[in-house]
Amino acid sequence: MGARLSSGGGGGSGKLAAQNADINVTPFVDIMLVLLIIFMVAAPMATVSIRLDLPPATPPADDAEPKEPVYITIQESGSLFIAEQETTVSKLAADVCAAQGAVADCREERVFVRAEPEVKYNQFMEVMNTLQENGYFKVGLLNEDIT
């Protein structure tokens with residue numbers, strides 16, 4: 001803010017100095033432009049999207065009962081179980097298909113894999129790779145025991 005001084009050089013004329021009532025908007029405009037640039041840069045980052053393949057919204061047939069899913073359990077010792085039946089990696093695909101029962105294409109059904117926390121990564125990936133090699137692409141991963 002600025003103030004206008006009296007014309008005299010301090011001659012004691014008794015007049016008070018009149019104040020300048022104009023608002024300096026330059027700092028306000030500077031802050032608004034900086035905020036505009038920040039929001040223009042940040043807005044595209046907030047609109048990151050993830051592709052989701054959702055099933056169609058069709059209700060199931062009235063007589064269709066939901067099937068019990070197949071659970072593959074990997075224990076710390078490396079042993080595999082399909083439900084309560086023990087299996088090996090070499091027989092895994094055949095045993096998963098047998099556990100699903102009379103299904104036209106057992107590879108189209110969802111399979112859930114759960115492992116104990118102490119299972120080594122290579123044991124887990126061996127099971128996942130075996131399932132993928134045999135055409136099981138609908139695999140769900142569980143991190144908690146479902147009862």
Side-chain angles (χ1 to χ4, degrees), residues 1-7 15-147:
M1 297 215 357
R4 190 175 347 152
L5 299 175
S6 63
S7 62
K15 291 184 181 180
L16 294 174
Q19 292 186 357
N20 185 2
D22 293 338
I23 298 174
N24 188 3
V25 295
T26 304
F28 178 72
V29 172
D30 288 345
I31 291 173
M32 286 295 125
L33 288 175
V34 168
L35 288 174
L36 177 68
I37 292 170
I38 289 172
F39 286 125
M40 286 173 58
V41 170
M45 292 180 203
T47 59
V48 175
S49 62
I50 298 173
R51 178 179 162 85
L52 292 177
D53 294 327
L54 298 175
T58 55
D62 292 336
D63 60 344
E65 292 184 24
K67 296 180 188 177
E68 185 68 25
V70 175
Y71 294 102
I72 300 171
T73 305
I74 309 170
Q75 292 185 343
E76 180 183 3
S77 63
S79 57
L80 294 174
F81 286 90
I82 298 176
E84 301 295 323
Q85 177 188 0
E86 188 170 3
T87 185
T88 61
V89 175
S90 59
K91 298 189 309 181
L92 182 63
D95 287 346
V96 167
C97 197
Q100 290 176 348
V103 178
D105 187 11
C106 57
R107 287 167 179 78
E108 291 298 319
E109 298 295 321
R110 185 168 302 278
V111 177
F112 292 101
V113 177
R114 59 183 164 201
E116 293 181 352
E118 296 82 17
V119 171
K120 300 213 185 283
Y121 181 73
N122 63 345
Q123 293 171 334
F124 177 77
M125 285 310 298
E126 184 180 14
V127 171
M128 293 298 293
N129 289 335
T130 302
L131 289 172
Q132 186 178 12
E133 289 168 1
N134 289 294
Y136 291 95
F137 296 111
K138 294 182 178 181
V139 177
L141 304 178
L142 302 177
N143 65 351
E144 293 181 4
D145 192 23
I146 295 179
T147 55

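Keep in mind that the numbers below use all heavy atoms, side chains included, and drop hydrogens, waters and symmetry copies.
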Note to self: Taking CE in Met125 as the centre, count heavy atoms belonging to other residues, nucleotides or ligands within less than 6.0 Å. Is the count above 12?
What the structure shows: yes

Next item on the list: Run the numbers on Thr73 and Leu80 for side-chain contact (heavy atoms from CB on, under 4.5 Å), then give the verdict.
Entry: CA-CA 6 Å; Thr73 305; Leu80 294 174; over 6 Å; no

Check: Do Val70 and Ile82 touch side chain to side chain, with heavy atoms closer than 4.5 Å?
Finding: yes

Item checked: side chain to side chain donor-acceptor pair (under 3.5 Å) contacts in which one or both residues fall within residues 76-98, not counting sequence neighbours -> Gln75-Ser79, Ser77-Ser79, Thr87-Asp95, Thr88-Ser90

Next item on the list: Quick one: list whatever passes side chain to side chain donor-acceptor pair (under 3.5 Å) with Thr130, sequence neighbours left out.
Entry: none

Item checked: Check: Tyr136 side chain, Val111 main-chain N or O, donor-acceptor pair, under 3.5 Å -> no

Checklist line | Reported CG-to-CZ distance for the pair Leu131 and Phe137, which is rounded to 0.5 angstrom | finding: 10.0 Å

Item checked: Ile31: partners by side-chain contact (heavy atoms from CB on, under 4.5 Å), with sequence neighbours left out -> Leu35

Notebook entry, point to check: Taking only residues two or more places apart in sequence, or in another chain, which ones meet Asn24 in a side chain to side chain donor-acceptor pair (under 3.5 Å)?
Noted result: Thr26

Next item on the list: Kindly write out the residues that satisfy ring-ring contact (aromatic ring centres under 6.0 Å, His included) with Phe112, not counting sequence neighbours, or none if the list is empty.
Entry: Tyr71

Checklist line | Other residues, nucleotides, ligands: >12 heavy atoms within 6.0 Å of Gln132 CD | finding: no

Note to self: Using 0.5 Å steps for rounding, measure from the CG atom of Leu141 to the CD1 atom of Ile72.
What the structure shows: 10.5 Å

Check: Could you walk me through whether Leu92 and Asn134 pass the side-chain contact (heavy atoms from CB on, under 4.5 Å) check?
Finding: CA-CA 9 Å; Leu92 182 63; Asn134 289 294; over 6 Å; no

Notebook entry, point to check: Got a sec, which residues hit salt bridge (charged side-chain N to carboxylate O under 4.0 Å, His left out) with Lys138, two or more places apart in sequence or on another chain?
Noted result: Glu108

Item checked: Straight-line distance of Cys97 SG to Asp105 CG, nearest 0.5 Å -> 8.0 Å

Would you give me the side-chain donor-acceptor pairs under 3.5 Å for residues 117-124, sequence neighbours excluded?
unit_1 : atom_1 : unit_2 : atom_2 : d
Gln123 : OE1    : Lys120 : N      : 3.3

Next item on the list: May I have the step-by-step check of side-chain contact (heavy atoms from CB on, under 4.5 Å) for Met128 and Val139, ending in yes or no?
Entry: CA-CA 8 Å; Met128 293 298 293; Val139 177; 3.8 Å; yes

Note to self: Tell me if a side-chain donor or acceptor on Arg114 pairs with a main-chain N or O of Asn143 at a distance below 3.5 Å.
What the structure shows: no

